[in-house]
J.: 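Sharing a structure, written as structure tokens. Questions coming.
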Amino acid sequence: MTDGPRQRGCSAASGGDAGSESGKESGEGGVALKKEIGLVSACGIIVGNIIGSGIFVSPKGVMENASSVGLALIVWIVTGIITAIGALCYAELGVTIPKSGGDYSYVKDIFGGLAGFLRLWIAVLVIYPTNQAVIALTFSNYNGLRLLAAVCLLLLTWVNCSSVRWATRVQDIFTAGKLLALALIIIMGIVQICKGEYYWLEPAHAFESFQEYDVGLIALAFLQGSFAYGGWNFLNYVTEELVDPYVNLPRAIFISIPLVTFVYVFANIAYVTAMSPQELLASNAVAVTFGEKLLGVMSWIMPISVALSTFGGVNGSLFTSSRLFFAGAREGHLPSLLAMIHVKRCTPIPALLFTCLSTLLMLCTSDMYTLINYVGFINYLFYGVTVAGQIVLRIKAPDMHRPIRISLVWPVIYLLFWAFLLIFSLYSEPIVCGLGMAIMLTGVPVYFLGVYWDNKPECFNSFVAKMTYLGQKFCVVVYPGETKGAGNGEEGEELKESQAPLSQDDGETRKSADC
């Protein structure tokens with residue numbers, strides 16, 4: 001099996017406006033994902049994915065492990081700076097390798113199929129289902145009904161299956177709403193400071209520890225903070241749907257990351273103007289407790305604002321993570337059905353349904369902070385591998401066209417911080433981190449059996465082809481036409497076989513597709 005991109009032949013004739021647009025993008029008459037994400041929506045995806053539930057949940061985890069208010073604020077600032085450095089590295093990779101799939105695509109192209117598959121494997125099993133489950137659980141916790149988490153997921157999956165434009169509009173609206181909610185928190189904090197309520201911000205009290213400082217716990221504080229900044233790389237998953245990605249990808253990153261860092265730092269300053277460290281640690285809903293102390297009869301505004309924020313966070317995560325699974329299936333690393341899109345709506349419905357199902361299963365786990373540790377550790381592991389890949393690519397292909405070229409000092413700084421975080425996280429939480437590594441390594445035999453092994457039994461190939469065909473009929477999906485410049489024109493044999501039933505039985509249907 002080759003490691004290069006798989007091209008999908010698609011004979012569907014383009015018709016109507018949508019068809020013309022997708023046809024132009026793909027360079028042929030096939031169905032294709034459409035370029036509908038402009039700069040505003042791109043910023044909405046980054047900001048909306050970062051500001052999900054982390055700022056409303058993680059302040060407790062950061063404070064508990066940092067051991068003082070002052071060190072907790074330093075953690076938030078440093079984590080924001082490191083996130084900005086990582087985003088700079090991803091901006092270069094995103095315009096150098098302009099493919100959807102984000103770090104999965106970069107790791108695969110730089111380090112090979114197995115490394116890319118392990119990134120995808122852990123994303124499928126842990127990272128993105130867990131991330132979405134944590135945000136959805138926060139949504140339900142702030143409203144008192146756990147069932148709302150599942151309802152939220154199902155509703156947003158339907159929206160994303162229906163239209164890319166609907167999904168991006170939902171993202172834009174809820175991103176604006178969550179920024180307004182955080183602006184309210186910051187304004188109330190400023191009012192508190194003007195009233196002289198800044199006891200815990202004074203240097204004499206800010207570093208007054210309520211437990212002994214421990215390097216391992218400080219590393220875990222950074223891990224909790226990194227969860228709140230998680231999602232900064234999600235725009236790289238939808239590169240092929242960006243309008244003018246060479247311009248809008250780096251521009252959206254440069255706008256969004258400083259904005260989020262500013263909002264996060266000042267929101268945490270606002271929290272400690274109204275709450276002592278003990279009160280903050282005793283609260284499972286930090287933002288709601290803050291609102292109850294300062295808003296009085298209007299305190300209902302805060303849980304509603306938080307619910308809307310987490311709702312938008314789930315939408316953004318569904319939108320981007322489904323594109324990761326779509327990209328993985330297109331490369332032959334996941335079942336080929338996940339690489340198909342709806343013949344009219346041009347949305348990756350099978351990938352979205354798969355994402356929704358895996359997240360619903362993850363909702364069975366209720367320990368939110370353990371989930372955050374899993375997500376933070378594994379994410380940072382692959383963030384570092386991806387940034388290291390930037391250095392490797394500079395060495396292997398120094399003459400490759402790079403619309404953005406940053407100094408290698410930045411990836412080195414990022415990797416030093418990355419090593420510190422992982423080493424001390426392993427030291428402090430060896431079981432949690434070890435289990436995360438073990439889950440990732442279970443992907444090795446899966447890769448060799450499912451991807452590397454070409455000559456599978458005919459009965460197995462026939463079964464997969466029939467299941468793929470049934471899935472296509474149920475979801476009304478076909479293989480998309482490959483975008484310009486992607487791949488080498490080759491297809492894996494197993495993908496040709498799974499495509500054959502549709503080609504043989506549904507030729508006329510595909511010719512009439514209007515996307």
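Because only heavy atoms are used, hydrogens play no part in the values below, and waters and symmetry mates are left out as well, while side chains stay in.
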J.: Salt bridge (charged side-chain N to carboxylate O under 4.0 Å, His left out): which pairs involve residues 84-93, sequence neighbours left out?
T.: E92-R394, E92-R402
J.: Could you check whether W121 and T442, counting side-chain N and O atoms only, form a donor-acceptor pair closer than 3.5 Å?
T.: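 Looking only at side-chain atoms, W121 and T442 do form a donor-acceptor pair, the distance falling under 3.5 Å.
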J.: Once rounded to the nearest 0.5 Å, what's the spacing between atom CD1 of I110 and atom CD1 of I97?
T.: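 So the gap between those two atoms works out to 4.5 Å.
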J.: Can you find a heavy atom in the side chain of V164 that is under 4.5 Å from one in the side chain of F319?
T.: yes
J.: Is the closest side-chain donor-acceptor distance between Y447 and H333 under 3.5 Å?
T.: no
J.: For a side chain to side chain contact (heavy atoms under 4.5 Å, CB included) with V387, tell me which candidate from Y414, F382, W410 qualifies.
T.: Y414
J.: For residues 112-139, pull every pair meeting salt bridge (charged side-chain N to carboxylate O under 4.0 Å, His left out), keeping only residues two or more places apart or in separate chains.
T.: D103-R119
J.: Would you say the rings of Y264 and Y229 are close, in the sense that their centroids are separated by under 6.0 Å?
T.: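 Yes, they do, as the ring centres are separated by less than 6.0 Å.
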J.: Is it true that F222 and F417 have ring centroids separated by less than 6.0 Å?
T.: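 Yes, ring centres under 6.0 Å apart.
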J.: Measure the shortest side-chain to side-chain distance between F311 and K178 over non-hydrogen atoms and say whether it is less than 4.5 angstrom.
T.: no
J.: Got K99 and D109 here, is their nearest side-chain heavy-atom distance under 4.5 Å?
T.: yes
J.: Any side-chain donor paired with an acceptor under 3.5 Å for S322 and Y237?
T.: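 Y237 and S322 do not have a side-chain donor-acceptor pair below 3.5 Å.
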J.: Look only at the side chain of S256 and the backbone of I253, and say whether a donor-acceptor pair between them is shorter than 3.5 Å.
T.: no
J.: Using a 6.0 Å cut-off, check whether atom CZ of F420 has over 12 heavy atoms from anything other than its own residue.
T.: yes
J.: So, applying side chain to side chain contact (heavy atoms under 4.5 Å, CB included) with P411, which one of I406, L88, L416 is it?
T.: I406
J.: Does E241 pair with R323 as a salt bridge, N-O distance under 4.0 Å?
T.: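 Answer for the salt bridge query: yes.
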J.: Measuring only between side-chain heavy atoms, which start at C-beta, is I257 closer than 4.5 Å to W232?
T.: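 Counting from C-beta outward, I257 and W232 do come under 4.5 Å.
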